[in-house]
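Report on the following structure.
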Amino acid sequence: MRTRFKNDMGYSDVTPKSAWLNRRDLLKGAGGASIAASLAGIADGAVLEASKSIYSTDEDPNDLEDITSYNNFYEFGTGKGDPARYAGELTTKPWSVVVDGMVGRPGTYAYEDIVSGVALEERIYRLRCVEAWSMVVPWIGFELSELLKRVEPSPGAKFVAFETLVRPEEMRGQKSSFVLEWPYREGLRLDEAMNPLAILAVGLYGEEMPNQNGAPIRLVVPWKYGFKSIKSIVRITLTDFQPPTTWNMQAPGEYGFYSNVNPNVDHPRWSQASERRVGSGLFARRMETRMFNGYEEYVAELYGDMDLRANY
Ligand SMILES: Nc1nc2c(c(=O)[nH]1)N[C@H]1C(S)=C(S)[C@@H](COP(=O)(O)O)O[C@H]1N2
Ligand SMILES: [Mo]
């Protein structure tokens, strides 16, 4: 099956897949065999057309293999390789998202209705996990604000809560409630959610989202630690209170609701001053972590008088 999403931009604005493939070729320094092998692991090969964005970093993206083989997705197990091994068991078609709470247009929205009519963009973002590793991922997605505007938040709405699917038959990590309480939950303040950097991603490297990365639709908030970027979303709820969030509930002293990337505030058990950029061989390196993961100019204003030295 092929899915094609059109938008207003001309074809020349689209990053051709061949360019990605060439780049991968260069990065690998090898022939096409490894590329074909990696691509075989991705969804069903549906191509997404997307325009470029001023918000993309010009840093080199991690290769597809890193992005799809080193994951956190506890619904499939706690090992970094578990999502790649087991996420294929998840059925992502059909898919729908319930939008409820303080909105003028609540409802159950089919995935196809959510993505039809939105402007898909390629957003090459840094992803900084709270565990002190990082990657650069060429997401395909659209601004969360587009969806929120369509469902018409009520005047009193102040927060947006997100939930991941619960389906233990297909998400083997959910057969145990020992690790986390399901569903995985996350949340943002409404003004954070409306920031243009916050996207709902439906793909990466120009194709549909691989299951292990949160198919078919996941949040990406690049200025926050990775656990805020909740995968495989089935519910979005507008509230007037700060919603409970999974890692914050699990260990409130270690993971805050805000969890903005901050090199000056260490995790109780490790430093957050630097990070390991995931990558094979020559490209593996340690680098300094930046305030708001390097997105300070776009998001600092959201936190006006908040004390950023506290473990938010
Ligand atoms: N539903 C769900 N979403 C999740 C997680 C998870 O375990 N379950 N892990 C989070 C963490 S800790 C990180 S670092 C990112 C990893 O995203 P990636 O695997 O696409 O790199 O997903 C986040 N979203
Ligand atoms: Mo993470």
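Order of appearance sets the numbers: ligands from 1, and atoms from 1 within every ligand. What you are looking at is a predicted structure, and each value in this text was computed from that prediction instead of being measured. Numbers for residues simply follow the sequence, beginning at 1.
Separation of the Phe241 and Phe159 ring centroids does not fall under the 6.0 Å cut-off. Phe73 has its ring centre no less than 6.0 Å from the ring centre of Tyr86. If you look at Tyr74 and Trp247, their ring centroids are closer than 6.0 Å. Two rings, from Tyr184 and Phe162, have their centers 6.0 Å or more apart.
Defined by atom type and a distance below 3.5 Å, a donor-acceptor pair is present between the side-chain atoms of Asn260 and Trp223. Inspection of the Tyr303 and Glu192 side chains reveals an N or O donor paired with an N or O acceptor under 3.5 Å. Using modelled atom types and a 3.5 Å distance limit, the side chains of Ser134 and Arg276 yield no donor-acceptor pair.
When each of Lys175, Gln174, Met171 is checked for a side chain to side chain contact (heavy atoms under 4.5 Å, CB included) with Trp182, only Gln174 meets the rule.
Looking at heavy atoms from C-beta onward, Tyr295 lies out of side-chain contact with Arg290 at the 4.5 angstrom threshold.
Nearest protein heavy-atom contact of atom 18 (P) of ligand 1 is Lys231 NZ, 3.4 Å. Scanning all protein heavy atoms for the shortest distance to atom 7 (O) of ligand 1 gives Tyr74 N, 2.8 Å.
On a distance-only criterion, Trp139 and ligand 1 share no N/O pair closer than 3.5 Å. Residue contacts with ligand 1: Asn72 is placed with a nitrogen or oxygen under 3.5 Å of a nitrogen or oxygen of the ligand (distance criterion only). Checked by distance only, ligand 1 and Asn71 come closer than 3.5 Å through their nitrogen or oxygen atoms.
Of the listed residues (Cys129, Ser229, Ser134, Gly173), the one carrying the non-hydrogen atom nearest atom 14 (S) of ligand 1 is Cys129. Within the set Glu163, Arg218, Glu131, the minimum heavy-atom distance to atom 20 (O) of ligand 1 is found for Arg218. Counting heavy atoms only, Gly226 comes closest to atom 13 (C) of ligand 1 of the residues Gly226, Ala87, Pro210, Gly214.
To the nearest 0.5 Å, atom CD of residue Glu89 and atom CZ of residue Arg172 are 4.0 Å apart.
Listed by atom number, the atoms of ligand 1 under 4.0 Å from Asn213 heavy atoms are 18 (P), 20 (O). The contact set between ligand 1 and Ile230, taken as ligand atoms under 4.0 Å from a residue heavy atom, comprises 3 (N), 24 (N). Near Thr164, with a cut-off below 4.0 Å to any heavy atom, the atoms of ligand 1 are 1 (N).
Using a 4.0 Å cut-off between heavy atoms, Leu127 contacts ligand 1 through its side chain alone, with no backbone atom that close. Only the side chain of Glu75 comes within 4.0 Å of ligand 1, counting heavy atoms alone; its backbone N, CA, C and O stay farther away. The proximity of Tyr184 to ligand 1, defined as any non-hydrogen pair under 4.0 Å, is limited to the side chain.
Under a 4.0 angstrom heavy-atom cut-off, Met135 registers as lying outside contact with ligand 1.
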